[in-house]
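Heavy-atom basis, side chains included; hydrogens, waters and symmetry copies ignored.
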Amino acid sequence: MSQPDADVIVVGSGAGGLSAAVTAARLGLTVLVLEKSDLVGGTTARSGGVLWLPGNPVAARAGVTDDVAAARTYMQAMAGNCFDAERVDAFLAIGPEMVEFFERETCVAFVAQPGFPDYNADRPGASAGGRSIVAAPMDGRELGPDIRRLRPPLREITFVGMMFNASQEVQHFFRATRSLTSAIYVARRLAVHGWEMLRHGRAMRLTNGNALAARLFASAIDNGVEIRTRTGLAELIEQDGRAAGVVTDGGERLFARHAVILAAGGFPRGTARQNRLFPHVATGGQHLSPAPESNQGDTLAAGESLGARVREDLPNAAAWIPVSAVPRRKGPPGVFPHLIDRYKPGIIAVDPWGRRFVNEANSYHDFGQAMLERCRRDGQVYAWLIADHRALRRYGLGIVKPFPVPYGRWIRSGYLRRGRSVVELATAIGCHSELLSATLNRFNLDALQGRDSQYGKGSTPYNRYLGDPRHLPNACIAPLDQAPFYAVKLEMGDLGTFAGLSTDAKARVLDVAGQPIRGLFAAGNDAASVMGGAYPGGGITLGPAMTFGYIAARAIARDAGLEN
């Protein structure tokens with residue numbers, strides 16, 4: 001073999017890749033990270049930065065106890081026939097250790113979310129809160145000039161570039177015109193943010209996924225990890241039956257002494273696999289992903305060329321989420337993930353004909369599955385999110401912000417549809433006015449009593465977690481009775497792909513016979529979801545991504561004789 005360029009080559013710079021890279025470097029291995037785009041952080045930098053990790057020490061410090069055996073029961077109930085006991089057991093056993101390692105050895109830090117419940121409270125083993133933790137905010141100036149290499153947050157979920165770090169902070173912005181405390185808080189945040197934008201050209205108070213990516217990036221720099229951007233993977237090099245290195249998209253051959261780790265974010269932008277695995281795309285429909293354009297699934301194809309198996313048998317190929325296409329003055333539309341608005345009082349969703357079809361306050365993945373099942377029309381899968389004037393001005397709708405932010409531009413662009421009556425709104429969105437009127441009448445009768453007899457909106461802890469806690473008796477329910485009425489078109493998107501390379505409990509990539517391919521590991525969305533195509537709680541992508549990145553690095557170090 002040619003002279004190695006590093007002990008370990010990692011493809012991808014999101015949470016999985018940087019977790020593996022930092023761990024390997026701390027254990028004494030030289031590490032080279034390859035990033036296809038010109039920015040570091042991958043989809044992680046655009047995410048909520050939440051990690052689902054049962055039994056984690058961060059929650060324990062906050063006084064929250066957890067039963068890991070119950071978490072296993074919950075995962076099994078959610079995954080059903082796709083439950084992978086060995087990988088699940090490794091995740092549950094090593095996840096807390098991974099958190100302790102990063103908090104002890106690096107600048108990565110986390111904050112507990114004790115009130116954040118699992119998504120499906122009716123399943124055995126579900127937790128009322130504590131399994132989800134989030135990256136602690138970070139001052140971007142700590143990255144020095146490398147802040148320019150960090151991928152910014154998704155523009156559509158910021159407010160003039162400002163990031164938010166928790167639902168409590170978002171509530172301050174919702175209440176800014178109704179609470180002096182919130183108004184003062186918002187004024188201070190805007191003032192600091194304005195100063196940061198003038199001085200640095202971007203927000204320096206990094207939160208959520210941007211904070212997690214920044215902390216991992218800083219830890220990688222601190223530990224001598226080399227990160228090459230604008231360097232994608234074209235193919236893997238095989239020598240003597242093992243993965244020995246990579247050929248970059250520029251034709252350069254790079255060799256790894258011990259192993260290659262694939263962690264490039266799956267295929268949320270890969271049209272070939274979308275056409276095969278996304279049911280709405282297969283029938284000619286549209287898919288809008290907030291993931292970076294570079295996430296094409298190159299690593300999966302490279303793995304297959306060495307005999308790896310891609311798991312395409314999971315019940316869901318991706319983590320579904322309703323999104324809306326946001327018109328821009330230049331370039332293609334942006335993508336807005338509907339993470340908060342659906343839960344609020346005075347907001348419901350209807351199918352293309354004007355009927356409700358789901359509990360709007362269920363998880364984005366459950367909502368997406370319901371869209372796929374009920375909202376097919378003329379080869380397309382779409383729905384409408386509807387609000388009355390009171391709800392629009394109090395909570396916003398999609399990219400449209402609450403009062404006092406103007407919303408006329410969104411009506412002019414066609415993003416926000418408006419009707420002076422329900423019948424006029426039905427005409428604006430092309431649905432049956434009789435069905436839409438009947439839908440609202442039925443919902444409003446229930447809402448007057450603070451309930452939803454049809455779908456149970458507001459009936460679970462997770463529903464209420466993102467509702468309006470000051471709205472009683474139901475944090476998620478209010479009549480839609482104040483004209484005019486508004487609607488935003490929902491389309492199918494994802495928060496990452498589930499179908500990925502088959503791996504074992506040590507994060508080793510497996511061939512079609514179920515045997516490890518020597519020298520080849522995978523983490524993050526390049527590996528098939530350990531959740532079996534289900535979505536049990538907030539952070540089920542990043543929690544396993546960092547855990548299996550850590551596991552992969554430990555396994556490589558062990559094989560290299562650097563660990564017992």
Side-chain angles (χ1 to χ4, degrees), residues 15-16 19 48 50-60 64-99 112-114 116-134 266 311 313-321 362-366 368-369 460-462 465 495-507 510 522-552:
S19 169
V50 178
L51 292 81
W52 193 78
L53 292 163
N56 71 80
V58 182
V64 180
T65 58
D66 192 14
D67 183 345
V68 175
R72 188 183 193 276
T73 298
Y74 179 57
M75 292 179 72
Q76 186 166 10
M78 293 295 297
N81 293 333
C82 292
F83 182 71
D84 185 336
E86 290 188 3
R87 292 181 71 215
V88 167
D89 288 343
F91 165 65
L92 292 174
I94 305 300
E97 176 187 313
M98 177 274 294
V99 172
Q113 301 285 284
F116 195 162
D118 289 338
Y119 288 169
N120 299 88
D122 59 332
R123 300 298 182 92
S127 169
R131 290 174 180 166
S132 295
I133 61 176
V134 68
R311 289 284 306 273
D313 58 335
L314 301 178
N316 295 283
W320 309 122
I321 184 170
N362 279 350
S363 77
Y364 30 85
H365 185 61
D366 288 348
Q369 289 184 93
T460 72
Y462 175 66
Y465 181 75
L495 287 181
T497 47
F498 284 160
L501 296 164
S502 180
T503 58
D504 66 9
K506 295 181 179 178
L510 305 178
N525 289 343
D526 277 357
S529 170
V530 72
M531 303 295 165
Y535 211 114
I540 60 92
T541 297
L542 292 179
M546 285 195 65
T547 299
F548 282 103
Y550 173 80
I551 287 173

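Distance check: Thr503 OG1 to Arg311 CZ gives 9.0 Å after rounding to the nearest 0.5 Å. The CE atom of Met531 sits 4.0 Å away from atom CE of Met75, with the distance rounded to the nearest 0.5 Å. Rounding to the nearest 0.5 Å places CZ of Phe548 at 5.0 Å from CZ of Arg87. With values rounded to the nearest 0.5 angstrom, Ile540 atom CD1 is found 9.0 Å from Leu495 atom CG. Rounding to the nearest 0.5 angstrom, the gap separating the CD1 atom in Ile133 from the CG atom in Leu51 is 5.5 Å. Expressed to the nearest 0.5 Å, how far CE of Met98 lies from OG of Ser19 amounts to 6.0 Å.
Between Ser529 and Leu314, the closest heavy-atom pair is N-CD1, 4.3 Å. The nearest pair of heavy atoms linking Ala112 to Ala59 is CB-CA, 4.2 Å.
With sequence neighbours excluded, the residues that form a side chain to side chain contact (heavy atoms under 4.5 Å, CB included) with Pro54 are Trp52, Asp66, Ala71, Phe91, Leu92, Arg131. Contacts of Ala545 classified as side chain to side chain contact (heavy atoms under 4.5 Å, CB included), with partners at least two apart in sequence or in another chain: none. For Asn56, there are no side-chain hydrogen bond (donor to acceptor under 3.5 Å, both in side chains) partners two or more places apart in sequence or in a different chain. For Tyr364, the ring-ring contact (aromatic ring centres under 6.0 Å, His included) criterion is met by Tyr119, Tyr535, not counting sequence neighbours. The side chain to side chain contact (heavy atoms under 4.5 Å, CB included) test applied to Leu510 returns Ser502, Asp504, Pro516, not counting sequence neighbours. Under the rule for a ring-ring contact (aromatic ring centres under 6.0 Å, His included), the partners of Phe498 that lie at least two apart in sequence or sit in another chain are His365. Residues satisfying the side chain to side chain contact (heavy atoms under 4.5 Å, CB included) criterion with Ala318, sequence neighbours excluded, are Phe278, Trp320, Asp494, Thr497. Every residue was checked against the salt bridge (Lys or Arg N to Asp or Glu O under 4.0 Å) condition with Asp366, not counting sequence neighbours, and none meets it. Judged as a side-chain hydrogen bond (donor to acceptor under 3.5 Å, both in side chains), and not counting sequence neighbours, the contacts of Asn362 are Asn359, Asn463. Residues forming a side-chain hydrogen bond (donor to acceptor under 3.5 Å, both in side chains) with Ser132 (at least two apart in sequence, or on another chain): none.
The shortest side-chain heavy-atom distance between Pro315 and Cys82 falls under the 4.5 Å cut-off. Side-chain atoms of Gln113 and Val50, non-hydrogen and from C-beta on, never get closer than 4.5 Å to each other. In this structure the side chain of Pro536 never reaches within 4.5 angstrom of the side chain of Asp118, judged on heavy atoms.
Side-chain atoms of Asp84 never come within 3.5 Å of backbone atoms of Val530 as a donor-acceptor pair (strictly under, hydrogens ignored). Although no hydrogens or angles enter the test, the distance criterion places a donor-acceptor pair under 3.5 Å between the side chain of Asp67 and the main chain of Ala70.
Sorted by first and then second residue, the side-chain hydrogen bond (donor to acceptor under 3.5 Å, both in side chains) pairs with a member in residues 71-81 read Arg72-Asp89; sequence neighbours excluded. Pairs passing the salt bridge (charged side-chain N to carboxylate O under 4.0 Å, His left out) check and including a residue from residues 525-550, sequence neighbours excluded, do not occur.
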